[in-house]
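We use all heavy atoms of the structure for the numbers below, so side chains are in, but hydrogens, waters and symmetry mates are not.
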Amino acid sequence: MTEKTRQWFVDQLRKQTKLWEQLIEKDTDYSTQSWLFEKTAEVILMSDEKARLNQKICGLQLNYDQTVQEIIMENSELAKILREMETLLFQVKSLDIQIDKTLEQIYDVVGAKLGDLREELDLELPEEEVDGYG
């Protein structure tokens with residue numbers, strides 16, 4: 001799932017109460033509704049955490065650039081910043097993996113209950129960008 005498609009799907013989950021209304025109208029059992037609400041909340045929280053981590057990474061990157069200009073590479077402060085950035089980048093990548101897996105689970109369950117979401121919700125997926133082709 002590309003970043004653009006994932007973001008579109010998360011945005012739709014945040015915006016579309018119509019999805020939940022359709023689940024209720026189709027007599028989706030309470031445990032499935034509950035699971036979907038829980039997983040949706042998890043995705044939104046993970047996306048928010050990812051955004052927070054990305055903001056922190058940007059701040060650290062700025063700090064890194066300033067430090068490199070002012071001191072030589074052997075400085076211990078620079079090594080500390082690099083270690084922290086690597087840790088945060090790993091966390092972001094881990095969240096990306098968790099978000100993708102959870103979104104796939106949500107999409108599979110919703111798709112099994114409602115059919116094709118694009119038709120049901122009258123939505124269009126964003127155009128996919130192919131790497132290396134613009």
- Task: With sequence neighbours excluded, tell me which residues meet salt bridge (Lys or Arg N to Asp or Glu O under 4.0 Å) with E84.
- Result: none

- Query: Atom CD1 of I57 and atom CG of L62: how far apart are they, to the nearest 0.5 Å?
  - Reply: 14.0 Å

- How many angstroms lie between OG1 in T102 and CG in L45, if you round to the nearest 0.5 Å? 11.0 Å

- Message: So, using salt bridge (Lys or Arg N to Asp or Glu O under 4.0 Å) as the criterion, who are the partners of K39 when residues are at least two apart?
- Response: E42

- Task: Measure across I106 and W35 and return the closest heavy-atom pair with its distance rounded to 0.1 Å.
- Result: N-CH2, 4.0 Å

- Taking atom CZ of R52 and atom CG of L88, what is their separation to the nearest 0.5 Å? 8.0 Å

- Going from SG on C58 to CG on L53, what distance comes out if it is rounded to the nearest 0.5 angstrom? 11.0 Å

- K101: side chain to side chain contact (heavy atoms under 4.5 Å, CB included) partners, not counting sequence neighbours: I97

- Task: Give, for atom OG1 of T67 and atom CD1 of I81, the distance between the pair rounded to the nearest 0.5 Å.
- Result: 4.0 Å

- Message: Measuring from atom CG of D100 to atom CE of M46, what distance do you get when rounded to the nearest 0.5 angstrom?
- Response: 9.5 Å

- Between K56, K80, Q61, which is the residue that forms a side-chain contact (heavy atoms from CB on, under 4.5 Å) with M85? Q61

